[in-house]
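Residue numbers begin at 1 in each chain, while the letters A, B, ... track the order of the sequences.
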There are 2 protein chains.
Amino acid sequence: MSSGNPKTRKKILHASWQLLEAAQGREVRMSDIARNAGVSRQAVYLHFPTRSDLLIATTHHIDEVKNVDARLAKSRSAATGMERLSAFIEAWGNYIPEIYGVAKALIAMSETDDAAKLTWDDRMQAVRHGCRAAVETLEKEGQLASQHSVTQGTDILSALLSVQTWEYLTINCGWSQQFYIEKTKVLARQILVSGNPGS
Amino acid sequence: MSSGNPKTRKKILHASWQLLEAAQGREVRMSDIARNAGVSRQAVYLHFPTRSDLLIATTHHIDEVKNVDARLAKSRSAATGMERLSAFIEAWGNYIPEIYGVAKALIAMSETDDAAKLTWDDRMQAVRHGCRAAVETLEKEGQLASQHSVTQGTDILSALLSVQTWEYLTINCGWSQQFYIEKTKVLARQILVSGNPGS
DNA sequence: GGAGTTACTTTACACAATGTCAAGTGGAAA
DNA sequence: TTTCCACTTGACATTGTGTAAAGTAACTCC
């Protein structure tokens with residue numbers, strides 16, 4: 001963060017982002033990123049001491065550009081728990097494909113790198129907060145299905161909204177993005193809302 | 001398969017299995033496996049030309065020892081769709097922790113190795129078959145929730161029973177194995193069974 | 001305008017892990 | 001006794017990450 005020209009830093013982050021999205025997180029080397037950014041491999045290491053640092057910075061960079069926080073926060077203004085649930089599923093669910101490549105790389109890195117794991121866990125924590133807010137609202141309205149506590153409902157909803165589940169349903173099962181969003185809303189209602197009004 | 005003493009092969013497979021389970025799939029090198037098996041690193045390469053081959057063989061070896069097929073098939077003898085659902089969730093859900101370490105390694109390998117990907121996809125296909133059989137039975141009984149088709153129900157159930165979802169709920173959320181099984185049964189009923197009798 | 005600073009390039013190398021190669025060994029079978 | 005088999009030993013190629021050090025071009029400050 002301290003050393004180097006911010007313009008070069010941005011060039012590197014942009015190249016990293018672009019390549020990771022294009023390759024869906026796979027087989028993107030430091031040298032590929034350097035070449036694509038039009039700088040030497042060592043310039044990358046001047047800005048980001050390790051691959052993990054670069055992946056983490058790329059994640060934060062995308063968050064900033066795409067303004068995730070604001071997008072997720074929007075769901076908080078919904079009036080009812082049901083609306084809040086839908087709004088959050090839309091906000092996060094539609095964000096996943098935009099970060100999928102980088103997320104994949106970061107998840108893979110998490111297996112061996114603690115800093116990467118912290119960054120990803122932090123991200124998941126933010127999603128959990130959104131989930132919990134929706135589930136808590138349902139509970140206050142007396143609408144939460146009796147089968148689950150607030151915490152359990154949060155666990156289940158965030159599992160449903162995990163990148164891994166998104167990946168399985170869209171990429172492996174062939175669901176379209178729109179279908180994934182609609183279906184996830186239906187599932188969340190079936191699971192979390194008492195009386196279960198369905199689709 | 002052709003060359004080498006079958007006893008040595010088994011020693012290697014056993015060491016591989018043991019180490020992968022202990023390390024939960026992370027940071028297990030060919031040399032670690034060789035040392036643990038009491039053979040030279042090159043002996044491992046004589047039996048398994050690549051790391052991917054060894055992981056694949058280890059997966060098959062565990063399946064054989066643990067007799068997965070028989071365990072999964074057992075659910076097919078259940079009378080009703082609901083019972084079939086429960087039996088399959090128990091059979092597969094309780095198998096996951098037994099293969100988790102090797103599964104993790106194989107999934108990681110799948111990112112870069114086509115043969116590993118084929119092996120893992122094949123495994124997932126077997127799970128899907130079990131899921132589909134249960135969902136189809138529900139449908140024939142007129143019990144399948146109207147929100148989902150057989151294929152969609154299969155997609156959802158297999159997502160719920162994925163290793164990744166198991167990992168998230170047990171390891172990240174702290175659910176016990178037993179709780180995971182019971183909760184997954186409740187979820188499957190909420191999602192798939194019309195009228196939704198609950199827990 | 002010369003000295004120093006900054007940001008980057010170039011080149012070289014250390015290191016870890018996979019995978020290859022070839023010569024050697026020890027025991028069992030012909 | 002010779003031959004073969006299964007394995008060992010040790011050397012090496014390759015790929016990717018990360019480090020180190022010298023060089024360069026532009027810009028800044030007296």
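Counted by atom type alone, B/Arg132 and B/Ser158 present zero donor-acceptor pairs between their side chains at under 3.5 Å. Checking A/Ser162 against A/Thr165 by side-chain atom types alone, a donor-acceptor pair falls below 3.5 Å. For the residue pair A/His148 and A/Glu139, no side-chain donor N or O sits within less than 3.5 Å of a side-chain acceptor on the partner. Side-chain atoms of A/Ser75 and A/Arg84 form no donor-acceptor pair, as typed in the model, at a separation below 3.5 Å. Judged purely by distance below 3.5 Å, without hydrogens or angles, the side chains of A/Asp53 and A/Thr50 pair a donor atom with an acceptor atom.
Taking atom CE of A/Met109 as the reference point, atom C1' of D/dG18 lies 12 Å away to the nearest angstrom. D/dA25 atom P lies 18 Å from atom CG of A/Asn5, rounded to whole Å. As a whole-Å value, the separation of B/Glu27 CD from C/dA17 P is 8 Å. Distance B/Leu54 CG to C/dG19 P: 10 Å, rounded to the nearest Å. Nucleotide C/dT6 holds its C1' atom 11 Å from the CG atom of A/Leu46, rounded to whole Å. Rounded to whole angstrom, the span from the CD1 atom of A/Ile33 across to the C1' atom of D/dT17 amounts to 12 Å.
Between A/Trp166 and A/Tyr100, the two ring planes are tilted [angle within 30° to 60°].
Listed pair B/His47 / D/dA6 fails the phosphate criterion, with no side-chain N or O lying under 4.0 Å from OP1 or OP2.
Of all nucleotides listed (C/dA7, D/dT8, D/dG18), C/dA7 comes nearest to the side chain of A/Thr8.
A donor and an acceptor atom sit less than 3.5 Å apart, one in the side chain of B/Gln42 and one in the base of C/dT20. Side-chain atoms of A/Arg41 and base atoms of D/dG16 include no donor and acceptor less than 3.5 Å apart.
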Protein and nucleotides 25-30 of chain C: nitrogen or oxygen contacts under 3.5 angstrom:
none

